Amino acid sequence: MAEQFAALIIVVPLIASLFVPVIGWWKKRLCYPWVVAVLIIPLISSLSILNTVMTTGKFSYRLAGWAPPWGIEYVLDHLSAFVLVIVSFISLMVAIYSKKSVQDNLPEKTVPFYTLFLLLVTGLMGIVITGDVFNLFVFLEISALSCYALIAIGEEGAPMAAFNYIIIGTIGACFYLLGIGYLYIATGSLNMADLANILPPLYDSKVILVAFAFFTVGLAVKAGLFPMHTWLPDAYCTAPSAVSALIAPLMTKVAAYVMIRLMFTVFQPHFSIEIVPVFTILGWLAVMAIVWGGIKALAQTDLKRMLVYVVVAEVGYIVIGVSVANRLGLTGAILHIMNDAVMMACLFLVTGAILYKTGTREIHQLSHLNKKMPFTMAAFTITALSMVGIPPACGFFSKWYLILGTIEAGQWFWAAALLCSSLINAVLFFRVIECAYLKPMEPAYAHDGGETIHEEIQRDEAPFTMLVPIVIMAAGVILLGIFSGKIISSVIQFAVPASF
Amino acid sequence: MLDYVISKYNFWIYIILMMIGLYAMIGKKNLVKKLIGMNIFQSAIILFYVSTGVKAGATVPILSGHGHGHGHEVIEVAKYINPLPHVLMLTAIVVSIATTGVAIATLILIYRKYNTLEEDEILMIRKETGV
Amino acid sequence: MKVIALIAVIMTGTLLIYGAGDMPDWGDPNSPANSYVSPRYILEATEKTATPNIVTAVLADYRSYDTMGETVVVFTAALGCVLMLRKKRNGEGG
Amino acid sequence: MDVLYSSRPLWAVLVSMIAAFLILATGEKNRNIRESWTIMAAVAKFLIVFSMVPVILQGKVIEYTIVTFYPGLLLQFRIDAFGMLFGVIASSLWIATSFYSIGYVRGLNEHAQTRYFFAFAMCLSSTIGIAFSANLLTFLVFYEILTIATYPLVIHKESKEGIMGGRKYLAYTLTAGCVLLFAIAMIYHMTGTLDFKAGGFMADSGGSSAVLIMLFAMLIFGFGVKAGLMPMHEWLPTAMVAPTPVSALLHAVAVVKAGVFGCLRVILFVFGPGLLHDLGVWLIMAYIASFTIVVAGFLALGQDHLKRRLAFSTINNLAMIILGAALLTKSSMTGGIIHMANHAFMKITLFFCAGALHVKAHKDYVSQLDGIGRQMPLTMGAFAIAAIGLSGIPPMSGFISKWFLCLGALEANQIIFLFVFMTSAMLDVAFFFPIIYNSFFKKPLDDVTPHFDEAPMFMVIPLVITALLSIVFGIVPDAFFRFFSMTSLAVQNILGVG
């Protein structure tokens, strides 16, 4: 049964995306319920896949019935099933959320928007599920292309940001493609499991080294790792709310997933650790990403732009977890893929809701938001605390494992960077919380009469379709923290390659 | 040395092409030139792939003359070039075209807004309008 | 920008030239790429898929999911263009 | 040691957390229902905690595992005598504070009362969590929750001062949290366990002495910030802008005590007396604490703002507790641990009095208190009792702790610390007695009502009770809450193994 689910997870959103124009042509307002309804199926199937993987172990699904090195197969192990659940869950939430945002910002473009939305989700899930390096490239391009287009329809400056993203993203994708080419030339195979068998005797070959280098750089570009992050802030910031809420949590995380997959499954961990010094370099880049992202975020007055730089820093977290190359660090990295996806989704959803309701994203204009939008702000606060690393929210636990990993690897500076970053996050988020919850410190409008201050502030909460995903995400932040032990013991510890 | 250079001449060609493309993508100010650079870059990769599938003295992988009646004949692998890179590149070409298409569409959006496709001019306009 | 571009290009170029050292020669029929997976396509494809053109056989059968992806890419690009370029009916033309 | 598995510790923590959300749900419109949640939770919590005391006194340990993350890495409650002591202090004083808070916020018609009671309840949950933690990880989790739960209370006034105080508070405590996180991760890496063990577990970690000293310094820094150990005390007087019940809770019961409790856990249950003696850091620790005691005493003299004066007195007393532990002798430990309880009761009385003065007479400064004793005899009487107690004069409970501390200094053959305790007692007298004298014997100021006119009963009754209790504990140290038995048991455990 689970095998069928594996196929469904790609096919359903794909076919459904073809129907969106048809439905939209008939009745435009049916697009939204259609997309939401369709996205429930991947969520159910991915949960069922995860369940199957947990009980019976990894399985694969041969497409068109051809045996692996010749045909393409989907591989579902703990890691991919886990990321699949994250992707399908967050995309469903963002889809639910998108209703008002799309009605408000893009009334003309509802139909192509939802089509591309589904295609983006298809692409992301394809990347995660496939067991073939070239097939992965194809899905990477599907997600990237829909992402470019969705970003380009954002606010002022979006087309320029999208074009930069296209150029740099294509460099990344092409480097990845080149990496595949080099691997293919040295081994003759494109299947991940097959490659993993063939590669070990070839580890001294220059071709393999170059392939590995291109993979790493290409994926670092896609993941937005410093200093290849230059496309990221503008692109994520100018995109429409519903789009940035989908891509900010997922795109970089999926790229990080591919990085883990290639470095630890296709290549043996000992290659990535002993033969190439790539992890030292990556680790330091990640440190710089954390520091740079933090400093840039501090300089922003726009809430969304601030979050975007936080995304840059968060990529650094995951890459540090990968670069320490030990069991604990990698556990932290995989856990952080999930935690960060949920936290970022929640923060971007909240930002979108605030923009929708108040029309501003400037931090200092957010005063009295706790009265106007109590639930939204409560969700924001919970997630902010999680970003700072306050237990029992989930951010604490991934940070804990990441720090344990760096200690085990003896990388003190990396640990220090992680700790500094939580302090920077504290400054960033408490600044917002102060503005939103407390009386404004400079009474800017107090001069025109004292009574305006005491004016009763009416509750003006975000619409229901926005609020539900926000609240679910915030609850998720707490629950994932509390159950992180369970998640690690039942899923993540099997997702970490056994050779550690 | 010369033998070495000649024996791998396909690599040198594609490496040069790729460097040209990459330079244009990063270094050029004009957005269309960047796009052209992107196409050169992608073409270089396509050339590389296709050249890996070549076998000296082999022909295109179409089994002409092997109709239904001749199915029993032994097929010599060395006589036909490797079909897989071709397949991959068909996909890559399509991807490249699609990317170019999307890129051009954004260029149209940019041109509509700023009336220019020079990066520095656009940055200047954006600075002036205070975005 | 030009300096950064030059540095990036030279680094990439060096890496590529370095890697070319261990590459199989041009047209080598015994390179792994030509001898591991692909011979089976040449040997079997006609028989199993009844298509004389092996490239077509691989494209449409063995690796048909790539091809499906490829069509989806085109579809995505087309919709992307529609999304970006479609204007309001009462807009300023185009 | 017998282990009893029971979910009571969990309920003790959860009860106020549940109440916090009920408070939030009830909101401003039904104030009486909202306040009844607070009271009910306070009483329920105390009963749950207190019901476990007999078990602990039998020498048993109560354990409850919440979740296991990894082998050796789990959230777990384990109540030993030392934790029980802190738990009883916190939960019993919460009842007093709850009543008092109601009187206070209603008396002043404070804004954002729901948030206030919510944060208060969360604070208590995390404090009990800290008290019952079985290992450093659990401790850290609740410690961080406490940090955040206290923040809304510190900034409660939302004035510029309040916000700045809040920022300073966060800057200090979150930095400390980071350092702690790192140190704890380090310890886990070295030993594979984080469980508190009477007498310490770091001795067999195999780390070099440099690493151990560094870790010790980091842990003490991390907990010392909350405990107001100099030079990390800066935030504490600044945080005085908070409403008085908050200061009372902050300074006497929950937050700073959590810091001290943490320091003691580190000294006695992580590193252990034996190891600290070998490393020689106990002496440095003792000097830092002595420095804090003396300097804080002098700084207190210079404060006119009553609450700031009390804050420095708090810093002084907390350092005394830490010094007691750092001297590593039987009597000094006993003195230090019992002083946690005694100081709590006395200091909360003092803050309650300061709050009553603020609500009723709108007086915040020491210089305004002339003759106030005639208007508010009960309040000032309680103040006098607590102040005398803190100075270490018999028969108040402060005497007991000072006695043991001085004995400890002698046992450790460090006469200098005896002088430190003496100086501190002298300074206590110097900064408390003028207040008592002025309020009762000086000619009343113009704005003082010359006849009996007390603060609301909601406020007076709790402060009188806590004052009386501090006399009772002076005469019968083991009364009601069995603090003395628990202290001796804890000390026995520590020394029995170490």
Side-chain angles (χ1 to χ4, degrees), chain A residues 69-70 72 116 132-135 137-142 144-186 188-190 207 210 214 228 230 234-235 237-238 302, chain B residues 11 14-15 18 21-22 24-26 28 31-35 37-53 82 84-85 87-89 91-92 94-114 117 119 122-123 125-126 129-131:
Chain A
W70 292 275
I72 297 170
L116 285 173
D132 185 284
V133 279
F134 190 81
N135 198 237
F137 169 77
V138 175
F139 282 114
L140 196 69
E141 282 296 335
I142 295 176
L145 279 175
S146 40
C147 197
Y148 302 146
L150 287 171
I151 287 171
I153 53 164
E155 59 196 56
E156 178 78 33
M160 196 59 204
F163 186 77
N164 273 333
Y165 185 16
I166 292 177
I167 293 292
I168 300 178
T170 308
I171 295 179
C174 284
F175 274 21
Y176 177 80
L177 185 58
L178 209 56
I180 300 174
Y182 273 56
L183 274 192
Y184 177 67
I185 240 183
S189 178
L190 291 170
V207 181
V210 174
F214 276 112
M228 287 78 93
T230 44
D234 275 341
C237 187
T238 51
D302 176 331
Chain B
F11 293 111
Y14 106 85
I15 288 172
M18 202 155 106
L22 192 61
M25 279 167 98
I26 305 173
K28 287 289 172 193
L31 299 184
V32 178
K33 283 185 184 163
K34 280 188 181 220
L35 189 58
M38 189 176 100
N39 273 317
I40 298 175
F41 190 91
Q42 285 169 329
S43 311
I45 293 176
I46 292 166
L47 273 183
F48 157 71
Y49 262 87
V50 172
S51 73
T52 61
N82 185 350
L84 191 54
V87 175
L88 301 184
M89 279 315 101
T91 310
V94 170
V95 166
S96 136
I97 290 168
T99 316
T100 313
V102 173
I104 289 176
T106 55
L107 282 185
I108 293 173
L109 280 185
I110 292 170
Y111 191 77
R112 274 185 197 161
K113 194 166 257 160
Y114 303 107
L117 286 174
E119 199 176 14
I122 294 171
L123 287 178
I125 294 170
R126 287 177 68 177
T129 52
V131 175

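Every chain is numbered from 1, with letters handed out A, B, ... down the list of sequences. Owing to the predicted nature of the structure, the values given are computational and were not obtained by experimental measurement.
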Asks: Hey, is OH on B/Y111 packed in by over 12 heavy atoms from elsewhere, all under 6.0 Å?
Replies: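 Count not over threshold, so no.
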Asks: What part of B/F11 gets within 4.5 angstrom of chain A, counting heavy atoms only: side chain, backbone, both, or neither?
Replies: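 When you check distances to chain A, only side chain atoms of B/F11 fall under 4.5 Å.
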Asks: CG of B/L88 to CZ of A/F137: how many Å apart, nearest 0.5 Å?
Replies: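 It is 10.0 Å, given to the nearest 0.5 Å.
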Asks: Could you pull out the closest heavy-atom pair between B/K113 and A/P159, with the gap in Å?
Replies: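 Closest approach of B/K113 to A/P159: NZ-CD, 4.3 Å.
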Asks: How far does OG1 of B/T91 sit from CD of A/E141, to the nearest 0.5 angstrom?
Replies: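 Between B/T91 OG1 and A/E141 CD, I get 11.5 Å after rounding to 0.5 Å.
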Asks: Locate the shortest heavy-atom distance separating A/A152 from B/L109; write the atom from each residue and the value.
Replies: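 Looking at all heavy atoms of both residues, the closest pair is O-CD1, 3.9 Å.
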Asks: What is the distance from atom NZ of B/K34 to atom CD1 of A/I166, rounded to the nearest 0.5 Å?
Replies: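 Nearest 0.5 Å value for the NZ-CD1 distance: 11.5 Å.
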Asks: Please rank B/T106, B/I108, B/V94 by heavy-atom pairs under 4.5 Å with chain A and give me the top one.
Replies: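 Heavy-atom pair counts peak at B/T106.
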Asks: For chain B, which of A/L190, A/I168, A/I180, A/L177 has the most heavy-atom pairs under 4.5 Å?
Replies: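 It is A/L177.
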Asks: Donor-acceptor pairs under 3.5 Å, side chain of residues 37-47 of chain B to any protein atom, not counting sequence neighbours: which ones?
Replies:
unit_1	atom_1	unit_2	atom_2	d
B/N39	OD1	B/T100	OG1	3.2
B/Q42	OE1	B/S96	OG	3.1
B/S43	OG	B/N39	O	2.6

Asks: Return the OG1 to OH distance between B/T52 and A/Y184, rounded to the nearest 0.5 Å.
Replies: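 Answer rounded to 0.5 Å: 6.5 Å.
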Asks: So which atom in B/L31 and which in A/F163 form the shortest heavy-atom distance, rounded to 0.1 Å?
Replies: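 Taking B/L31 first and A/F163 second, the nearest heavy atoms are O-CZ, 3.4 Å.
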Asks: Which atoms of A/I185 are under 4.5 Å from chain B, going by heavy atoms: the side chain, the backbone, both sets, or neither?
Replies: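 When you check distances to chain B, only side chain atoms of A/I185 fall under 4.5 Å.
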Asks: Is it true that a side-chain atom of B/Y49 and a backbone atom of A/G181 form a donor plus acceptor pair closer than 3.5 Å?
Replies: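 Yes.
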Asks: Where is the tightest heavy-atom contact between B/L22 and A/F175, given as atom of each residue plus distance?
Replies: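 Minimum heavy-atom contact is CD2-CZ, 4.3 Å.
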Asks: Could you list the residues that satisfy ring pair (Phe, Tyr, Trp, His ring centres under 6.0 Å) with A/F139, not counting sequence neighbours?
Replies: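 A/F139 satisfies ring pair (Phe, Tyr, Trp, His ring centres under 6.0 Å) with no residue once adjacent residues are dropped.
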Asks: Where does B/I110 contact chain A at under 4.5 Å (heavy atoms): side chain, backbone, both or neither?
Replies: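 Interface part for B/I110: both.
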Asks: Can you measure from CZ (B/R126) to CD (A/E156) and round to the nearest 0.5 angstrom?
Replies: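 The CZ atom of B/R126 sits 7.0 Å away from the CD atom of A/E156.
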